[in-house]
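The structure appears right after this line, and notes come after that.
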Amino acid sequence: MASAELLSQVVHNTGEKIFSIELSEGTAILQYEVLPSGALDYYHTEVPESCRGKGLGGILAKVALDYAVSSQQKVRLSCTYLQHYMTKHSTPEYAAAVIN
């Protein structure tokens, strides 16, 4: 599946605080919680083992960071994968949204 097609398949469930992509092999997820300050803490990303290395984590990261930027939310990147993603894909908008 092409990246653009997968981007459109990401579902954001605000009630469960999760971004997800349903795959035939399972579900790729990015979980978060809302901090007392109102900022979002992106703390866990997981992709089914058979799907790793195909860019799914990056797609989830992009959609989640784009959400934070578009909704003017601050975000903490507790997930080490997201920290790594930011070192390679940071934009001024993402950098402005990220807090320590």
Side-chain angles (χ1 to χ4, degrees):
M1 232 178 267
S3 292
E5 185 178 341
L6 284 171
L7 279 169
S8 69
Q9 291 186 14
V10 175
V11 174
H12 181 200
N13 183 325
T14 56
E16 292 188 24
K17 301 178 188 78
I18 191 169
F19 293 88
S20 63
I21 305 171
E22 290 295 328
L23 307 158
S24 59
E25 300 87 347
T27 305
I29 60 167
L30 186 154
Q31 295 173 300
Y32 67 94
E33 63 183 9
V34 179
L35 300 172
S37 66
L40 307 177
D41 181 8
Y42 292 167
Y43 69 87
H44 181 68
T45 305
E46 187 173 337
V47 173
E49 192 169 333
S50 63
C51 298
R52 292 182 186 162
K54 298 179 182 177
L56 296 171
I59 289 168
L60 288 168
K62 176 181 175 22
V63 170
L65 288 165
D66 286 349
Y67 170 77
V69 169
S70 69
S71 62
Q72 300 180 350
Q73 291 277 309
K74 294 295 185 183
V75 63
R76 179 168 58 190
L77 305 178
S78 296
C79 172
T80 55
Y81 175 79
L82 291 171
Q83 293 167 10
H84 176 74
Y85 180 88
M86 274 294 290
T87 65
K88 295 192 179 248
H89 304 282
S90 185
T91 67
E93 294 81 11
Y94 289 174
V98 173
I99 58 172
N100 292 325

Next on the checklist: Counting neighbours of CD on E16 that are heavy atoms of other residues, nucleotides or ligands and sit closer than 6.0 Å, is the number greater than 12?
Outcome noted: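 Open: at most 12 neighbouring heavy atoms sit under 6.0 Å from CD of E16.
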
Checklist entry - Is it true that atom NE2 of H84 has more than 12 heavy atoms of other residues, nucleotides or ligands lying nearer than 6.0 Å? => result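 Counting neighbours around NE2 of H84, 12 or fewer heavy atoms of other residues, nucleotides or ligands fall under 6.0 Å, so no.
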
Is there a continuous path of hydrophobic side-chain contacts, each under 4.5 Å between heavy atoms, that joins [X] to [Y]?
X   : Y   : answer
V98 : L40 : yes
L65 : V69 : yes
L56 : M86 : yes
I59 : L23 : yes

Next on the checklist: For Y42, give me all partners under ring pair (Phe, Tyr, Trp, His ring centres under 6.0 Å), at least two apart in sequence or on another chain.
Outcome noted: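 Ring pair (Phe, Tyr, Trp, His ring centres under 6.0 Å) check on Y42 returns Y32.
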
Next on the checklist: How long is the straight-line distance from CG of L77 back to CG of D41, given to the nearest 0.5 Å?
Outcome noted: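 It comes to 8.5 Å.
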
Item to check | Distance (rounded to the nearest 0.5 Å) between E33 CD and S78 OG | outcome: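 It is 7.5 Å, given to the nearest 0.5 Å.
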
Next on the checklist: I'd like to check E22 versus V11 (side-chain heavy atoms, cut-off strictly below 4.5 Å). Are they in contact?
Outcome noted: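 SC-SC contact between E22 and V11 ruled out.
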
Item to check | Close side-chain approach of K17 to V34, heavy-atom, < 4.5 Å | outcome: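 The answer is yes, as the side chains (C-beta and beyond) meet within the 4.5 Å cut-off.
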
Next on the checklist: Tell me every residue that passes side-chain hydrogen bond (donor to acceptor under 3.5 Å, both in side chains) with H44, counting only those two or more places apart in sequence or in another chain.
Outcome noted: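 Counting only residues at least two positions away or on another chain, H44 forms a side-chain hydrogen bond (donor to acceptor under 3.5 Å, both in side chains) with E46.
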
Checklist entry - With E25, which residues qualify under side-chain hydrogen bond (donor to acceptor under 3.5 Å, both in side chains), at least two apart? => result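 Residues passing side-chain hydrogen bond (donor to acceptor under 3.5 Å, both in side chains) with E25: none at all.
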
Item to check | side chain to side chain donor-acceptor pair (under 3.5 Å) pairs, two or more places apart, involving residues 59-70 | outcome: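 For residues 59-70: K62-D66, D66-Y94.
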
Item to check | Contacts of type side chain to side chain contact (heavy atoms under 4.5 Å, CB included), residue A61, not counting sequence neighbours | outcome: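 Residues passing side chain to side chain contact (heavy atoms under 4.5 Å, CB included) with A61: Y81, L82, Y85.
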
Next on the checklist: Once salt bridge (charged side-chain N to carboxylate O under 4.0 Å, His left out) is applied, what residue pairs with a partner in residues 89-100 remain, sequence neighbours excluded?
Outcome noted: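 As it turns out, there is no salt bridge (charged side-chain N to carboxylate O under 4.0 Å, His left out) pair with a partner in residues 89-100 once direct neighbours are skipped.
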
